[in-house]
Amino acid sequence: MKIDRRTLAASTAALFAPRVLRAQGATEITVHYAQPVIYKESYDAIAAEFAKREPNIRINWMTTPNYEEGMQLVLRQQATNQTIDLSYQGFNRLRLFAERGIAQDLMPLLRAEGDYAAEGYSPNMLALAHFGGIQSGLAYAASNPIMYFNADLVRRAGGNPDAMPTDWDGIIALSRKISQLGDGITGMWYSWPGDDWMFSALLFGFGGRMLTEDERDVAFAGPEGLNALKLLDRMVKEGGMPNLTRDAAQQAFAAGRMGMTFWTTAAVRGTIQQVGRNFELRTGPMPIIDATRGRLPTGGAAGMLIAKDPAKREAAWKFLRFSTSAEGTSLMARNTGYVPTNQLAIDQDRYLGEFYRQNPLFQAATRQASLMVPWYAFPGANSVRVTQTMVDQQARIVEQSATPEQVLADMAREVRRLLPRARG
């Protein structure tokens, strides 16, 4: 059955089109991305600049609320031959597209343009989107988890916004003091729902890993995984963390009713806008867990080329290249909070140097860049079910309906069942 594109888009997200210059003989491409609540301003800014350079390329946008629905959208489009030409997917979802032959290898296109390293495509950034033996995407935005805090509430609770705790013991103690201010004020919220990213931040922080090296079994079922879940449990028991959805937590924080939140740096721009003048907003790094082995997962998205029609493929490649260029990634960083993914934008002061000096709230993530490692991509067709299982299990801790030990055992059993090469 043929699915109407407008109906499909409306069922998963919002369709919108930034202003572009239409011209006779224009090539139209369909570009998808997730999380417009975070990304929209950056894509609008990039599209406006791109339209000045390529007035004969018209972009039709499709969006989804999150990366998981974005993955499902592309898979459905493939099944009905209504293929999106370019899709910006979460780093942890590219593996499936590479393994299924949907993502095209971009390395031949990069090589055809000459010295791509000189254009800012560094090995480390290319590695974020290298799966299945191919360059399955180009990194558009990278992130790591940071701390957002209400400096006014910190002061009221006897803390010092200029010297925030650097470990979780100190954070949880401060959260408890903020919660004791009363009047419905809560101390903290850790963004555990949605996917496995923030769980991996704790797991990697303890020096753990998701699966064994051969990917035949879980590796998080050891002491690192248990310590990660115990820490989540302490946030609830000792820190007073409420059981809230991400949207509800963001609203409470923006309204000045919560002391600290821990989530992606990508939300910096949006959080600034939400908070306004309600209180003094500040950001800081994630608390250190294991100073030697601890790492942080790299969130974000990469552009994945799908188009097969030669004209559409060329047009989509041009937009992808511009969006990941030094100029494009600078526009992205200014309009989100993500870490730049083009090395020129990072190294050359003329792109973002003055911006970071004038906007200190954006600096927390860049100070943690040395700790960033790839967001783990689970193998096989059940990757979304795996991450949802992990979220559902963590919910039992936040609800205080199960112990960390019980949750870890159940999580490991369920994930093993979903792995493509699971063993007994």
Using 0.5 Å steps for rounding, measure from the [atom1] atom of [X] to the [atom2] atom of [Y].
X	Y	atom1	atom2	value
I29	D309	CD1	CG	11.5 Å
L138	L320	CG	CG	4.5 Å
M304	D85	CE	CG	11.5 Å
T366	Y356	OG1	OH	6.0 Å
F204	W197	CZ	CH2	11.0 Å
T389	D410	OG1	CG	11.0 Å

*Passes side-chain contact (heavy atoms from CB on, under 4.5 Å), R58 versus T27? Steps please.*
CA-CA 6 Å; R58 178 185 171 189; T27 299; over 6 Å; no
*For the pair R53 and E327, evaluate salt bridge (charged side-chain N to carboxylate O under 4.0 Å, His left out) and give the outcome as yes or no after the intermediate values.*
CA-CA 13 Å; R53 294 162 172 76; E327 182 175 356; 2.9 Å; yes
Quick one: are [X] and [Y] in side-chain contact, heavy atoms under 4.5 Å?
X	Y	result
I185	M258	no
Y39	N335	no
Q78	I102	yes
W317	L110	yes
F322	S325	yes
S179	R176	no
T265	F362	no
L232	P404	no

Closest non-hydrogen atom pair, [X] against [Y]:
X	Y	answer
I171	P287	CG1-CG, 3.7 Å
A381	L96	CA-CD1, 4.1 Å
Y67	A301	OH-CB, 3.7 Å
V275	F253	CG2-CE2, 4.4 Å
M107	Q135	N-CB, 3.8 Å
R246	G194	NH2-CA, 4.2 Å

*Do the ring centers of W192 and F262 come within less than 6.0 Å of each other?*
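Between W192 and F262, the centre distance exceeds or equals 6.0 Å.
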*Measure from the ring center of Y190 to the ring center of W263 and say whether it is less than 6.0 Å.*
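Not close enough - the centres of the two rings lie 6.0 Å or further apart.
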*Restricting to pairs with a member in residues 140-151, which pass side chain to side chain donor-acceptor pair (under 3.5 Å), not counting sequence neighbours?*
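The answer is S42-Y140, S143-T264, N144-Q368.
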Side chains of [Y] and [X]: any donor to acceptor distance under 3.5 Å?
X	Y	result
E28	N60	yes
R93	T387	yes
T63	H32	no
S323	Y43	no
E41	Q273	yes
R313	Q104	yes
T245	D247	no
Q89	S87	yes
Q388	R385	no
Q400	D233	yes

_N124 vs S122, side-chain hydrogen bond (donor to acceptor under 3.5 Å, both in side chains): CA-CA, chis, key distance, verdict_ = CA-CA 5 Å; N124 287 343; S122 67; 5.6 Å; no
Side-chain ion pair, [X] and [Y], N-O less than 4.0 Å:
X	Y	answer
R295	D290	no
R95	E215	yes
R282	E280	yes
R396	E399	no

_Qualifying salt bridge (Lys or Arg N to Asp or Glu O under 4.0 Å) pairs, either residue in residues 185-200, two or more places apart_ =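 Found none.
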*Report the C-alpha distance between R321 and E113 in whole Å, list the side-chain angles of each, state the deciding distance to 0.1 Å, and finish with yes or no for salt bridge (charged side-chain N to carboxylate O under 4.0 Å, His left out).*
CA-CA 11 Å; R321 276 283 282 110; E113 294 191 0; 2.6 Å; yes
Checking [X] side chain against [Y] main chain: does a donor-acceptor pair fall under 3.5 Å?
X	Y	value
S383	P379	no
R293	F206	yes
S401	I397	no
E69	N66	no
N342	T324	yes
Q348	L344	no

*Kindly determine whether F149 and L174 satisfy side-chain contact (heavy atoms from CB on, under 4.5 Å), including the steps that lead there.*
CA-CA 11 Å; F149 63 96; L174 178 58; over 6 Å; no
_One pair to check against side-chain contact (heavy atoms from CB on, under 4.5 Å): V268 and I146. What are the steps and the verdict?_
CA-CA 10 Å; V268 170; I146 64 171; 3.9 Å; yes
*Keeping to residues at least two apart or across chains, list the ring-ring contact (aromatic ring centres under 6.0 Å, His included) pairs with something in residues 95-135.*
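ring-ring contact (aromatic ring centres under 6.0 Å, His included) check on residues 95-135 returns no pairs.
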_More than 12 heavy atoms of other residues, nucleotides or ligands under 6.0 Å from CD of E213: yes or no?_
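Counting neighbours around CD of E213, 12 or fewer heavy atoms of other residues, nucleotides or ligands fall under 6.0 Å, so no.
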*Step by step, work out the side-chain contact (heavy atoms from CB on, under 4.5 Å) result for W189 and M235.*
CA-CA 8 Å; W189 190 78; M235 293 178 192; over 6 Å; no
